[in-house]
Structure formats: C-alpha cells, structure tokens
Amino acid sequence: MDDTINNNFISLNPPVKLHRGVLEYLKNMKENREMLLQFVRRDFKIKYRGSILGYLWSLLEPTLTALVYTVLILLIRGGGFYRQPLWLFGGIIMFQFFRETLVGGMQSLSQNRGLIKRIYFPREIFATSNMLSKLIFLILAMFPLIPLLYYYGFEINYNQLYIIPAIFGLGIFGLGLGYLLCCAHTIYSDIGIITKHAIFFLFFLSPILWKLDKIPEEHLDLYLTINPLAVFLTMFRYGLDGVSVPLENSIIIQAFVTSIAVLIIGISIFKRFEGSVIKYL
Amino acid sequence: MSELSIKLDQVSLIFTLTDSGPKKIIRSFLGPIGKKIVGTERTFTALNNISFTLHRGEVLGLIGNNGSGKSTLLQCMAGIYRPNKGTVFSKEKPFLLSGIGTGYSRKLTGRENILLLGSILGIKKKKIIEKIPELVEFAELENWIDEPLQTYSSGMNARLGMAGIAYFRPDVLLIDEVLGVGDPTFKEKSKKKIMEMVEEASTVVMASHSFSLLIDICDRIILLEGGEIKAIGDPKDVVDVYYGRKNPEDVAPLKRI
C-alpha cells in the first residue's frame, strides 16, 4: 500500500500568490473553454426567460432609457445637442455594457452561491462569462442605431473602426473593476451599495448626456486621465458617426494602459482572496 | 487495498463571525493596531486538526450531531472551502451532492442544467448529449426535461440532482444527507445506483443520520464531535461510541468481517 503523495495529486484549491494570479487566470480560461461557453449560454438564456418580448427587450430597454433622457435634456436645456438621439443612444448602451460588466463581476460570487458551494472549479469564470454575454447584448442593442444612422446620412469610412477598440477597452475596464471589488463585496455588502451609487454618479460625470466640449480646455487632459470611460465613450460616439476622433493617440493609449492595469490588479487580488472569502458566502 | 484517493493532512477551518458596526470598521482600517483596540474577531473553529486517508473504492461514513462539522468537512474535501491550516490532497475533482436543488439554475431547463453541470465536471458536450435520454429515464422526468427548474417540485429537483451524478460518475463522490429525498421507490433506485458506483471503485464519502444504512454500505465511519474526530474505524464500533456503549479507543481500525 503506497500512501505517499506523488505528482498525480493536486492540493485542492491551493492558495494563489499575488503575482501568480494572472497566470493562473489565463491557464484556467484556456483549460475550461467549454465551461466558459456554457456559462455564457446560461447568462444569455436566462436574461429574458419568462418575458413575452424576449430578446427584443435588449433593443427596447436602451431605447426607452434614451427616450427618457432625451425628454429630460429638452426640459432642462430647452434644446438638444448635435445629433443628440444618436449620441445619447450610443452612450447609453455603452455605459450599460460597462455597468453590467462591473456589477456582474462584483456579484459573481454572491450570485452563484448555489453552484460554488457544490463543486470546485475556477470561480473567475463567472465574471468573464458575464462580460462576454453582456457583449452579445451590446451587439444586439446596437441594431436600433442603424435606422438612426440612416436618418442622419450614414457614411462608411475607416473611422468606424474606432468602435471596436472602444468596446474592448470598456469591457476590460469594467471587468477589472468587477474583479477588484468582488472579494470585498462578498464579505462587506456595503461595497455593493457604495458601488451602485458611484456608478450612478459616474454616469453623469461621463460624456453621455453631454459632449466633451463641456470640459474646459485646460482641464481636459486631466479629466481624460482619471476617467478612461470618457475616452472610450468619445471614441465610440465619434467612430459611430464616421467622424475622426478628436483625441490624441497618447490619451487613447493611456486609457488602455490604465484599463489593462486595473484588470491585472483586479485579477491578482481576486485570485489571492477568492479562496478565503467563500466562507462568507 | 487499492491506491490512495484523498488525503487530509491536519486540516483546520475557522469561520469568522461577522459583527457589523464600528468594531469592524476599526479592525478593517487599522489592521493589527485596530485589533489591539477593539479585540480580535469572534471566531468559530469548525474543523480542528483533521487527518485521514481514503483509498479508491472505499466508502466512508460521517456521523455526528448537528453542527459537529460533517457538512463543513465535506465542503473542505470538495475544495469549496480553503482550510486555514493543513491541506487536502486529491487525485480527482470531487463532487458534492447535498440537500435539494444541487446547484442547478432555477431559470434554466433540466436539459440546459445537465449540459452546464456536465461541462463543469469536464465532460465533452457530445458525450453529455448521448447520456441525456438515459438520465432522463432514470430521473423519471420525460415530460419535464425541457421545462425550467422553477416549475419542478422539490422531489423532481432532487431526482434530477441524483441522476446528474449517477450518470456523470465523478470519481470522488461526497454525499450530504440526500438519500432521504424522493419517494420510496426512487430512494431504492438511488441507493442501488450508489452501490453500483461503489462497486465500480468510485470513492464515496457519505454524511448521514441513518446509521443502519451507513453500517450496511460503509467500510469505515468517522464520528465527529465539535469539529474533531472522536472515533474512526469499524462502522458498528463507531456507532456504539456514538451511543456511549463503547470507548473510542476500543474501535477496530478497519471493518470487521
């Protein structure tokens, strides 16, 4: 009888050091692609289950929100801004993608309590699959943009390519913040409440209901540095319109560097503490 | 005896009892200094220095009063809780079957849940789809498999859970008080299925209060008390210890035949 522990044995759920977090994450994502895909399917399927209109809601919901804010702007300012419906709608669906990625990532442990307490598997799958399913919903929500673009005289040019990195950057940023807050939120539910209000605040602090020219010239660089969201939103809106984006490349690169740094820090912290916070679920 | 399957090495698990309010804030923000001011958190030792080994094909029973740490020990063995001290070594990914519901999503249909569960257990999609008809028949859910789980009765839910593990055959199966579910016929069926798995050399750990069943099917039983192993060994002897009819020292280490 051989009772020695050899290499075939794994220590279940071993502690992950801070600097190993990202490597572990990449390894787990690669090994568990099938599982990831199934979770994306799950998130996608249950969102509108039980509603009559189903996926049509992913188009209607942002449209209704945009309508509310259009009325609000007309009431307060007495008039809209340049191509307002188009820009407003674009901003709203992008912000919604960001918010849902962040909140879904933050709540990924508490929302999946049932499954987590049943079997061990890499729990970082939840936040990432949530982001991917929200990406699908964002693409669905972009369809109402087509008639709007048509109405304003649509012109296809290479500026539209800016949309892709804008979505990408926003997803990375939201996912990073989600991972960053997840463990803290699992222990202290206060974090969730604070975050909800912070996001609401951020909505008004980002160029969604207004345009970037509201920010005084001399403060613009500082503003764009501390709010990468503004960079991605601006890229998306101008890109959509086929107009060249009025941002310097250095600012755009900076926003990406910030987002990727947030994601790396977020994943590292998540992997470091995730094993110990399960006890609080 | 066959090869080693699971080894627990001095596993301890401590829960922190969360108290809210100022004390918590001071502790969170001031670290060690804060702990000196308001005292450390109240803790609860759920498992204390647990060590044992399990071999492939062995069936282990867990008994003990409520709150003695049976479920927590199973959750530690499944890798769900990370021990504060000590390590759990395992060759395979254990699966924990506990209570009703089985971690399924209420809004997904039975079929979708099975696909999800299979993918978590690392089974190829093609193989899962092949298994589904057989599985549905076992769970007696022919008319319900494409309905969302929220429409299921609790018995149907438990049957689907049982069917999931019976057909995906995790190599290490941890069972927490589930044989009590379902109607008597299904109970008989799941017992048969578990016996089948046992014979096919899966390792099974089972927490239960039905001692007669455990004496029947287990090779060894562990008696837990206050998060510690009070006795381990021959099923009958350990149950005797539980009732105070025997001293823990007199338990035979292996099943008497």
Are there more than 12 heavy atoms of other residues, nucleotides or ligands under 6.0 Å from atom [atom1] of [X]?
X        : atom1 : answer
A:Tyr55  : OH    : yes
A:Phe201 : CZ    : no
A:Ile52  : CD1   : no
A:Arg49  : CZ    : yes
A:Phe168 : CZ    : no

From [X] [atom1] over to [Y] [atom2], what is the distance, rounded to the nearest 0.5 angstrom?
X        : Y        : atom1 : atom2 : value
A:Leu115 : B:Ile80  : CG    : CD1   : 9.5 Å
A:Ile278 : B:Gln75  : CD1   : CD    : 10.5 Å
A:Tyr120 : B:Arg82  : OH    : CZ    : 7.0 Å
B:Leu117 : A:Ile119 : CG    : CD1   : 6.5 Å

Please look at [X] and chain A and tell me whether the side chain, the backbone, both or neither of the residue comes under 4.5 angstrom of a heavy atom of that chain.
X        : answer
B:Thr109 : both
B:Ser5   : backbone
B:Leu74  : neither
B:Pro94  : both

- Query: Where the side chain of A:Lys279 meets the backbone of B:Ile14, is there a donor-acceptor pair that is under 3.5 Å apart?
  - Reply: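 Yes: the side chain of A:Lys279 pairs with the backbone of B:Ile14.
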- Task: Against chain B, work out which of A:Arg123, A:Glu31, A:Met35 has the most heavy-atom pairs shorter than 4.5 Å and name it.
- Result: A:Met35
- Test B:Glu112 against every option in A:Lys45, A:Arg41, A:Arg42 by the salt bridge (Lys or Arg N to Asp or Glu O under 4.0 Å) rule and name the one that passes. A:Lys45
- Which one, B:Thr87, B:Asn84, B:Leu115, leads in non-hydrogen pairs under 4.5 Å with chain A? B:Leu115
- Query: Is there side-chain contact between B:Ile123 and A:Glu34, with heavy atoms separated by less than 4.5 Å?
  - Reply: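 Not touching, per the 4.5 Å side-chain cut-off.
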